[in-house]
Amino acid sequence: MKNELMLQNMPQRSNTGGTNILAILIGISAGLAIWFDWTGQWALYCLFKPLTTCLVITVPLVYGKKSIPRYRNLITLALIFCLAGDIFLLFDTYFVAGLVAFLLAHILFTVAFISFQGMHFFYKPLAGLLVFGISFYAFLWPHLGDLLLPVAVYVGVLLFMCWQGIGWYLAQRSRASVYVATAVVLFVLSDALLAVNKFVYAFKASGIFVLTTYWVSVALIAYSVVLIRNAGDKTFNTYQS
């Protein structure tokens, strides 16, 4: 706790140029991956999909060194599981393994949010998420087959993560919380589109929407690590153990 609070008073050198360049590289890599998926260039898609997530992982590793260690480490580990999920989902036979990898990523994201800010109990967003989650699961139900239980667990964990991310924003309204709240909503949207494409109706443009929302989501979460280290962000001013 003492070491974490000392971060508030440490002089911060701006790495805006470096983070901006990395953001551009992430955008280029993501755009190429989406294009190769759209045009059916499978080998290049298999290269650029994990490469994009690797670039996202670089954000907390390189520019999050002065962030609160447990938050940075949990987010980094969660992103590594996202990378594993990306690789598994390249192959239909490893869909369940991909589901498990992303489930673990969501758990780690949630633990990171709670470990940094504590649990938040805002019931209006919870009610909205429950209505959406139950309705969407009912929509998927006839198409899930043997995956009824795994998908139910996944949806529950995903929505809990989303609830806590939104709760962070409602409690604090800092730049980092804006990034996180936006990210968790986009993650829900990305996974919902993926589920529709996988279980209900496959549509060619799904990759564009699924991948765009997914990479914006994980990039925002990664950059929240960078924002938390900056004394100018309200995150520091309201942090409590």
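Just so we're clear, the structure is a prediction, and the values are computed from it rather than from any experiment.
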Among Leu77, Ile57, Val218, Val56, which residue meets the side-chain contact (heavy atoms from CB on, under 4.5 Å) test with Cys82? Val218
Before you tell me yes or no, could you show the steps for Tyr71 and Ser224 under side-chain hydrogen bond (donor to acceptor under 3.5 Å, both in side chains), namely the whole-Å CA-CA distance, both residues' side-chain angles and the distance that decides it to 0.1 Å? CA-CA 10 Å; Tyr71 183 78; Ser224 76; 2.7 Å; yes
Are Phe113 and His120 an aromatic pair, judged by ring center distance below 6.0 Å? no
Val96 versus Leu147: any side-chain heavy-atom pair under 4.5 Å? yes
Does the side chain of Phe199 come within less than 4.5 Å of Leu144's, by heavy atoms? yes
Run the ring-ring contact (aromatic ring centres under 6.0 Å, His included) check on Phe187 and Tyr214 step by step: do they pass? CA-CA 6 Å; Phe187 224 133; Tyr214 164 65; 5.7 Å; yes
In Å and rounded to the nearest 0.5 Å, what is the CD1 to OH distance from Ile34 to Tyr45? 9.0 Å
When you look at Phe36 and Lys49, which way does the side-chain contact (heavy atoms from CB on, under 4.5 Å) test go after all the steps? CA-CA 9 Å; Phe36 292 137; Lys49 185 184 182 185; over 6 Å; no
Val59 side chain near Ile26 side chain, heavy-atom distance below 4.5 Å: yes
Distance in Å, Tyr223 OH paired with Leu227 CG, rounded so as to fall on 0.5 Å steps: 10.0 Å
Counting C-beta onward and ignoring hydrogens, is there a side-chain heavy-atom pair between Leu61 and Thr76 closer than 4.5 Å? yes
Is the closest side-chain heavy-atom distance between Phe109 and Val184 below 4.5 Å? no
side-chain contact (heavy atoms from CB on, under 4.5 Å) between Leu189 and Val185, intermediate numbers included: CA-CA 6 Å; Leu189 177 59; Val185 171; 5.7 Å; no
Heavy-atom side-chain contact between Val196 and Phe139 under 4.5 Å: yes
Close side-chain approach of Leu44 to Thr39, heavy-atom, < 4.5 Å: no
